[in-house]
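These notes concern the structure reproduced below.
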There are 2 protein chains.
Amino acid sequence: MRIGEAADAVGMTTKTIRFYEDRGLLPPAERSANGYRDYAHDTLSRLEFIRRSQIAGLTLAQIQGILRIRDSGLTPCTHVRDVLGKQLQDLDRKIAELTALRVTVAEQYATAEVADPQRCDAEQICSYI
Amino acid sequence: MRIGEAADAVGMTTKTIRFYEDRGLLPPAERSANGYRDYAHDTLSRLEFIRRSQIAGLTLAQIQGILRIRDSGLTPCTHVRDVLGKQLQDLDRKIAELTALRVTVAEQYATAEVADPQRCDAEQICSYI
DNA sequence: CTTGACCTTCCCCCTTAGTGGAAGGTCGAT
DNA sequence: ATCGACCTTCCACTAAGGGGGAAGGTCAAG
């Protein structure tokens, strides 16, 4: 399978597939006699795994970590569990940060909504922030 | 005031202050006879305003928009209210996105926690993702 | 034989908010 | 006179995930 067919099959661009190879998420592709990349069918599952992992919010570096374990012949289950656990922690932290920020901004917005622009102090840039 | 003193006064680096000038958040600095930047005291309030705005999660582009209105002699109150309103919307959207993602990842994690690594299918990369 | 649709490598570009470092000028104190 | 601590400009680089496009090779169809 040529790179364009693989790209169409999984809904990525050829640029993205070459980029993943360059980043080590895909092994160096087999080449046809003319130098074109020639993919076996299991490359598609690998690409789809990458996409599912991205939907779960994993970074390419994390995905690469999982794939490397798989490629070494081991089962990455334990590692995947750890990565998912860390991802949960990260999400909780980010949600907490954004929620706290929302409180601050909501207060500022409430102040700005009821304020009188005429009373804006010319000495400072803005009294709401 | 030289750039290093200004930086120390507000807790930024000289690099950051030059960067803000380059981005148009600070007007081109006055120069001493030797070519050194020479800041008046009100630059400090401007830098502190930038920092407070960043704490509210505003981007430098948004902050620049507010400062430009201020520099044109107008009161930026109305614009600030709009920017804060948009920021609230953005925060709500991001929180909703992360919360939805958290649900997905939590399900995957729950599956991975109770699973038996021995049953990992060698044909696929990982059954949890 | 030429056209068009593929493919190759290569390098530069984008986003955000800076950071690091090189090469060189300036100043006060020793 | 020279040392260290400043300052100047400019260029490159970071994380993340690709996108754009040039210059050139390959292949089947008309």
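The sequence lines fix the lettering, A, B, ..., with proteins before strands; numbering per chain opens at 1.
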Of all heavy-atom pairs between A:Arg46 and A:Asp71, which one has the smallest distance, and what is that distance?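 Heavy atoms of A:Arg46 and A:Asp71 come nearest at NH2-OD2, 2.7 Å.
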If I compare all heavy atoms of B:Ile125 with all of A:Ser45, which pair ends up nearest, and what's the gap?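 Result for this residue pair: CD1-O, 4.3 Å.
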Give, ordered by number, those residues of residues 79-90 of chain B having at least one heavy-atom distance below 4.0 Å to an atom of DNA chain C; if nothing qualifies, reply none.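 Contacts with DNA chain C under 4.0 Å: none.
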Between B:Arg2 and B:Arg23, just flag the one whose closest nucleotide in DNA chain C comes earlier from the 5' side.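 It is B:Arg23 whose nearest nucleotide is closer to the 5' end.
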Between B:Leu60 and B:Lys15, just flag the one whose closest nucleotide in DNA chain C comes earlier from the 5' side.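 This one resolves to B:Leu60.
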Whether B:Asp22 and B:Arg18 form a salt bridge (side-chain N of Lys/Arg under 4.0 Å from carboxylate O of Asp/Glu) is what I want to check.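 A salt bridge is absent here (no side-chain N lies under 4.0 Å from a carboxylate O).
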Taking only Lys NZ, Arg NE, NH1 and NH2, and the carboxylate oxygens of Asp or Glu, determine whether B:Asp92 and A:Arg102 approach each other closer than 4.0 Å.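 Yes, charged N to carboxylate O under 4.0 Å.
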Could you tell me the separation between the OH atom of B:Tyr109 and the CD atom of A:Gln89, rounded to the nearest 0.5 Å?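 If we round to the nearest 0.5 Å, B:Tyr109:OH and A:Gln89:CD are 8.0 Å apart.
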[X] [atom1] to [N] [atom2], straight-line distance once rounded to whole Å:
X       : N      : atom1 : atom2 : answer
A:Met1  : C:dC7  : CE    : P     : 12 Å
A:Ile17 : C:dT8  : CD1   : P     : 10 Å
B:Asp8  : D:dA5  : CG    : P     : 14 Å
B:Gln62 : C:dT16 : CD    : C1'   : 12 Å
B:Phe19 : D:dT14 : CZ    : C1'   : 13 Å
B:Glu21 : D:dT9  : CD    : C1'   : 12 Å
A:Glu5  : D:dC27 : CD    : P     : 15 Å
B:Ile3  : C:dG25 : CD1   : C1'   : 16 Å

Do any side-chain nitrogens or oxygens of [X] fall under 4.0 Å of OP1 or OP2 in [N]?
X       : N      : value
B:Gln54 : C:dG18 : yes
B:Thr16 : C:dT19 : yes
B:Thr13 : C:dT19 : yes
A:Tyr20 : D:dG17 : no

Taking CD in A:Glu113 as the centre, count heavy atoms belonging to other residues, nucleotides or ligands within less than 6.0 Å. Is the count above 12?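 Atom CD in A:Glu113 is packed in, count exceeds 12.
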In residues 26-48 of chain B, which residues come under 4.0 Å of DNA chain D by heavy atom?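 Under 4.0 Å from DNA chain D: B:Arg31, B:Gly35, B:Tyr36, B:Arg37.
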Can a donor-acceptor pair be found, under 3.5 Å and without considering hydrogens, that links the side chain of A:Ser32 to the backbone of A:Gly35?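 No; judged by distance alone, with no hydrogens or angles, the pair does not exist.
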With no hydrogens and no angle check, is any side-chain donor or acceptor of A:Arg81 less than 3.5 Å from a backbone partner on B:Ala112?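 The answer is no, because no donor-acceptor pair under 3.5 Å joins these two groups.
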Is there a side-chain contact (heavy atoms from CB on, under 4.5 Å) between A:Arg23 and A:Gln64? Walk through the geometry before answering. CA-CA 9 Å; A:Arg23 284 294 179 90; A:Gln64 191 184 7; 5.7 Å; no
Pairwise side-chain contact, A:Ile95 with A:Thr99, heavy-atom cut-off 4.5 Å (strictly under):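 Yes - at least one pair of side-chain heavy atoms lies under 4.5 Å apart.
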With a non-hydrogen cut-off below 4.0 angstrom, is A:Arg18 in contact with a base, only sugar-phosphate, or nothing?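 Counting heavy atoms under 4.0 Å across all strands, the contact made by A:Arg18 includes a base.
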